[in-house]
Protein chains: 2
Amino acid sequence: MRGLGLCSLLLDQGLEQPQAGAHAAITQARRPFEARELLFHQHESLDSLPVICDGWAASALRLSDGRRQILSFLLPGEMITTGLLFEQHLHFSIDAITPGCYRSFDRAQLRAAMFASPTMFDKIALAYNEEKHRADQLITDLGRRTSTERISRLLLDCWDRLEKLGLVEGNSAEFPLRQIHIADATGLTVAHVNKIIGQLREGGLIEISDRALQINDIAKLRRLTI
Amino acid sequence: MRGLGLCSLLLDQGLEQPQAGAHAAITQARRPFEARELLFHQHESLDSLPVICDGWAASALRLSDGRRQILSFLLPGEMITTGLLFEQHLHFSIDAITPGCYRSFDRAQLRAAMFASPTMFDKIALAYNEEKHRADQLITDLGRRTSTERISRLLLDCWDRLEKLGLVEGNSAEFPLRQIHIADATGLTVAHVNKIIGQLREGGLIEISDRALQINDIAKLRRLTI
DNA sequence: CGTAAAATTGAGCTGTCTCAATCAATGTGG
DNA sequence: CCACATTGATTGAGACAGCTCAATTTTACG
């Protein structure tokens with residue numbers, strides 16, 4: 001999964017040179033994780049920026065009574081959040097969805113690299129803007145869209161991201177999300193998510209099985225999206 | 001309103017020197033606006049970063065069928081969004097809530113100033129992080145909190161921000177939001193917002209009248225918040 | 001093979017919406 | 001300074017999207 005997104009950019013920048021001298025410290029060891037593992041807890045203080053190199057994870061906020069809201073899904077190659085460049089504290093938790101691994105990049109060195117390299121700076125600025133844009137879309141989903149619209153949009157959003165990563169083959173792609181993840185991301189209950197997905201399946205739009213998502217009628221699905 | 005937030009920082013940095021030479025262009029003229037005016041439309045391309053100097057505004061996303069989701073309220077002294085430092089296109093619209101005015105700061109010059117001044121950089125990074133944090137909280141509100149919780153939190157959030165601006169006097173503050181704004185920010189309908197606010201009033205927690213918000217039992221209100 | 005996690009389904013229930021009417025406040029032109 | 005027009009607040013009756021709870025089946029995995 002080394003070839004993807006920021007992770008590859010960072011590694012390719014010569015920031016990681018296991019054998020060489022000065023730069024060796026910028027990357028902490030590759031840290032593997034299991035499905036359902038809590039990678040970082042809400043309010044954790046971090047001196048480095050973790051990047052998911054392999055596997056899926058989610059950022060989430062938890063209320064004191066246990067309710068959980070997933071803020072975003074983290075796909076292979078994605079940084080947890082660019083916010084950590086400017087702030088020590090995470091304000092959400094990170095839950096692993098599948099097994100995988102992450103690497104952590106030292107904040108100070110990453111900042112230095114960012115100021116030194118325009119390419120790096122732009123890449124990070126872009127990542128920041130995407131984060132914010134995605135958050136604003138989710139706000140709108142939760143505030144003003146129906147359950148069918150929310151779920152369709154979530155599926156299509158994942159689909160488009162997977163496509164960019166080259167992980168879509170034909171009309172199918174690996175898709176490790178459980179219905180509980182979809183529920184916690186869309187502000188619905190599992191029971192209801194199940195019913196809506198059932199309807200989409202009945203309608204011949206999609207098929208989810210064996211950890212794979214298949215979209216049979218993407219045009220129709222997009223139309224459900226408004 | 002010159003003394004507040006980023007606006008003052010920018011002006012104080014000598015970025016605006018109406019009489020002087022080189023820097024005079026950094027600020028476009030002060031632009032006054034009316035209540036209910038659309039300041040910027042969704043997807044508008046901007047070469048400058050507007051800062052609300054006076055009055056209240058809101059950023060919002062609109063769906064094709066007219067549904068509106070308010071993403072954030074902009075109080076006096078606040079920049080529309082730091083995202084514009086790195087991207088030309090606004091992805092939401094800005095609606096004025098009260099009469100007021102804004103100033104626009106040239107992007108290129110602002111970026112230069114940011115790189116030149118650590119203070120400025122930190123201030124902007126802080127503004128960015130607050131934006132993102134606020135968005136994540138709103139996502140959680142909309143996805144996982146009840147209508148009473150959402151409304152209480154909105155009121156308290158405004159209250160805390162107003163307090164920082166020194167705009168709270170005793171247990172009361174100017175509060176120009178209409179119920180429709182509260183509805184569009186919390187993902188509810190005006191009718192329902194009205195009922196919940198009625199309950200809060202009955203309970204002796206708050207009073208909203210004459211464009212002013214009065215909080216009579218802030219502890220109890222915070223407890224509704226979870 | 002046994003156990004835990006995930007998916008599915010059904011029968012109510014309820015929070016919030018829709019629609020519609022009324023009333024209050026604010027602003028505007030004459 | 002009044003009459004009208006517009007915007008905003010309030011209220012009620014009925015409807016429904018999505019929830020709760022609970023049972024059952026399927027799938028994954030040590």
Return the value, rounded to whole Å, for the distance between atom CD of B/E207 and atom P of D/dT10.
9 Å
Take the protein atom CG of B/L200 and the nucleotide atom C1' of D/dT10, then report the distance between them rounded to whole Å.
15 Å
If you measure only the distance, is there a donor-acceptor pair under 3.5 Å linking the side chains of B/Q199 and B/T148?
no
Using heavy atoms and a sub-4.0 Å distance, could you list which residues of residues 176-184 of chain B are near DNA chain D? By number, please.
B/R178, B/Q179
For B/R201 and D/dT11, give me the distance from atom CZ to atom C1', rounded to whole Å.
13 Å
Could you check whether the rings of A/F175 and A/W56 sit parallel, tilted or perpendicular, using 30° and 60° as the cut-offs?
perpendicular
Please check if any side-chain donor atom of B/S59 sits under 3.5 Å from a side-chain acceptor atom of B/S72, or the reverse.
yes
Can you give me the N/O atom pairs linking the protein to nucleotides 12-22 of chain C at distances under 3.5 Å, or say none if there are none?
{"from": "C/dT16", "atom 1": "OP1", "to": "B/S147", "atom 2": "N", "distance (Å)": "3.3"}
{"from": "C/dT16", "atom 1": "OP2", "to": "B/S147", "atom 2": "OG", "distance (Å)": "2.7"}
{"from": "C/dC17", "atom 1": "OP1", "to": "B/G187", "atom 2": "O", "distance (Å)": "3.4"}
{"from": "C/dC17", "atom 1": "OP1", "to": "B/T189", "atom 2": "N", "distance (Å)": "3.4"}
{"from": "C/dC17", "atom 1": "OP2", "to": "B/T189", "atom 2": "N", "distance (Å)": "3.2"}
{"from": "C/dC17", "atom 1": "OP2", "to": "B/T189", "atom 2": "OG1", "distance (Å)": "3.0"}

Does a salt bridge link A/E174 with A/R211, judged by any charged N lying under 4.0 Å from a carboxylate O?
no
Below 4.0 Å: OP1/OP2 of C/dT8 and any side-chain N or O of A/N194
yes
Regarding B/R153 and B/Q137, do their side chains bring together a donor and an acceptor under 3.5 Å, going by distance alone?
yes
What class does the angle between the rings of B/H133 and A/H91 fall in, given that below 30° is parallel, 30 to 60° is tilted and above 60° is perpendicular?
perpendicular
Tell me: CD of B/E202 to C1' of D/dA9, nearest whole Å?
14 Å
What residues from residues 33-42 of chain A pass a heavy-atom cutoff of under 4.0 Å to DNA chain D?
none
Expressed in angstrom and rounded to an integer, what is the separation of B/I97 atom CD1 from D/dT7 atom C1'?
15 Å
Output yes when B/R31 and B/E37 qualify as a salt bridge under the 4.0 Å nitrogen-oxygen rule, no when they do not.
yes
Under 4.0 Å between a side-chain nitrogen and a carboxylate oxygen: does that hold for B/D95 and B/R62?
yes
Using the six-membered ring wherever Trp is involved, compare the ring planes of A/Y102 and A/F40 and label them parallel, tilted or perpendicular (cut-offs 30° and 60°).
tilted
Looking at A/D54 and A/R30, does any basic side-chain N land under 4.0 Å from a carboxylate oxygen?
no
Min side-chain heavy-atom separation A/V51-A/I80 under 4.5 Å
no
Round to the nearest Å and state the distance from A/R211 atom CZ to D/dC29 atom C1'.
13 Å
Atom CZ of B/F175 and atom P of D/dA9 are separated, to the nearest Å, by 11 Å
